[in-house]
Amino acid sequence: MKHYETLFVLKPTLTDEESAKQIENVQNAITENGGEIEATDKVGVRDLAYEVQKHKRGNYTIIYYKAPGSAIKEIERHLRINEDVIRFITVKYETKKEQAIWQKQADKVK
């Protein structure tokens, strides 16, 4: 399995309960597609670099996980169709050096 990090930004108008439910939905999409979640970093509400869908702020979350390459397409499809997600990005860590950095970041969050 490969090492991945997915950062997604939720609408800032969601309540804490709604945000928690959306994060849980993304985590479920990862595990249902054969992924293993290592850590979840709920960064919180931050200013966006530029306005996205008429929002100037967003609720940031980063999930560190291991998953087969075939799972990423389905996880990103889930993020794309979710109306509460305004942006997302998935980063793959390939080399041993990158994976060591990924592990260090995930351990810091735990």
Side-chain angles (χ1 to χ4, degrees):
M1 287 205 282
K2 298 179 179 161
H3 297 70
Y4 294 96
E5 165 188 323
T6 297
L7 176 135
F8 57 96
V9 183
L10 297 170
K11 292 180 179 178
T13 56
L14 298 176
T15 65
D16 290 338
E17 295 82 22
E18 291 171 331
S19 293
K21 180 68 176 158
Q22 292 300 328
I23 293 168
E24 184 180 326
N25 288 343
V26 174
Q27 290 173 331
N28 289 339
I30 292 168
T31 55
E32 288 171 3
N33 288 290
E36 299 172 9
I37 296 174
E38 192 75 24
T40 302
D41 186 7
K42 298 172 187 168
V43 179
V45 178
R46 301 276 172 102
D47 289 336
L48 297 170
Y50 52 89
E51 196 171 295
V52 178
Q53 297 177 7
K54 299 184 181 179
H55 296 287
K56 295 183 180 183
R57 297 175 61 82
N59 191 351
Y60 286 71
T61 303
I62 305 170
I63 300 178
Y64 299 94
Y65 59 98
K66 297 177 186 174
S70 59
I72 301 307
K73 192 171 188 176
E74 181 62 26
I75 294 165
E76 288 187 345
R77 185 190 72 79
H78 176 79
L79 289 165
R80 201 171 285 113
I81 63 174
N82 188 335
E83 293 178 0
D84 293 326
V85 176
I86 57 177
R87 280 283 192 262
F88 69 90
I89 186 169
T90 300
V91 179
K92 179 169 92 173
Y93 293 84
E94 296 188 71
T95 66
K96 295 271 186 212
K97 185 176 181 181
E98 290 173 342
Q99 290 174 3
I101 293 169
W102 177 90
Q103 190 64 52
K104 189 175 181 181
Q105 291 171 331
D107 289 342
K108 189 181 348 177
V109 173
K110 286 183 184 178

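Just so it is clear, the values below take in all heavy atoms, side chains as well, and ignore hydrogens, waters and symmetry mates. Quick note: residue numbers are just sequence positions, from 1.
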Pair Thr90-Glu76, side-chain contact (heavy atoms from CB on, under 4.5 Å): steps then yes or no: CA-CA 8 Å; Thr90 300; Glu76 288 187 345; 3.0 Å; yes
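- The backbone N or O of His78 sits nowhere less than 3.5 Å from a side-chain atom of Asn82 that would complete a donor-acceptor pair.
- Counting only distance, with no hydrogens or angles, the side chain of Lys42 and the backbone of Asn59 share no donor-acceptor pair below 3.5 Å.
- Linking Ile, Leu, Val, Met, Phe, Trp and Tyr whenever their side-chain heavy atoms come within less than 4.5 Å leaves Ile86 and Leu79 in two separate clusters.
- Lys66 contributes atom NZ, which lies 8.5 Å from atom CD of Gln99 (distance to the nearest 0.5 angstrom).
- In this view, Tyr65 and Tyr4 satisfy the ring pair (Phe, Tyr, Trp, His ring centres under 6.0 Å) rule, not counting sequence neighbours.
- In this structure, CG on Asp41 lies 9.0 Å from NZ on Lys108, to the nearest 0.5 angstrom.
- Hydrophobic clustering, with ILVMFWY side chains joined whenever heavy atoms are under 4.5 angstrom apart, keeps Leu7 apart from Ile72.
- Ion pairing between a basic and an acidic side chain is recognised when a charged N comes within 4.0 Å of a carboxylate O; Glu74 and Arg77 show such pairing.
- Note: Asn25 CG to Glu32 CD = 9.0 Å, rounded to the nearest 0.5 Å.
- Between Pro68 and Gly34 the shortest heavy-atom distance is CD-O, 3.5 Å.
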Step-by-step side-chain contact (heavy atoms from CB on, under 4.5 Å) determination, Thr6 to Val26: CA-CA 10 Å; Thr6 297; Val26 174; 5.6 Å; no
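- Ala67 approaches Gly35 most closely through the heavy-atom pair CB-CA, 3.9 Å.
- The shortest distance between side-chain heavy atoms of Val109 and Gln105 does not fall below 4.5 Å.
- Phe88 and Val45 are not part of a single hydrophobic cluster, where members link through side-chain heavy atoms under 4.5 Å apart.
- The distance from the CD atom of Gln27 to the CD atom of Gln22 is 12.0 Å, given to the nearest 0.5 Å.
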Test side-chain contact (heavy atoms from CB on, under 4.5 Å) applied to Tyr60 and Leu48, step by step: CA-CA 10 Å; Tyr60 286 71; Leu48 297 170; 3.2 Å; yes
Derivation of the side-chain contact (heavy atoms from CB on, under 4.5 Å) call for Val85 and Leu10: CA-CA 5 Å; Val85 176; Leu10 297 170; 3.7 Å; yes
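- Applying the 6.0 Å contact sphere to CD of Glu83 captures no more than 12 heavy atoms from other residues, nucleotides or ligands.
- In this structure, Trp102 is not a member of the same hydrophobic cluster as Met1, with clusters built from ILVMFWY side-chain heavy atoms closer than 4.5 Å.
- Checking each of Glu98, His3, Glu5 against Tyr93 for a side-chain hydrogen bond (donor to acceptor under 3.5 Å, both in side chains) leaves exactly one that passes, namely Glu5.
- Hydrophobic clustering of Ile, Leu, Val, Met, Phe, Trp and Tyr side chains at less than 4.5 Å, counting indirect connections, unites Ile23 with Ile75.
- The line from CD of Glu17 to OG1 of Thr15 is 4.5 Å long, rounded to the nearest 0.5 Å.
- With rounding to the nearest 0.5 Å, the separation of CD1 in Ile37 from CG in Asn28 is 7.5 Å.
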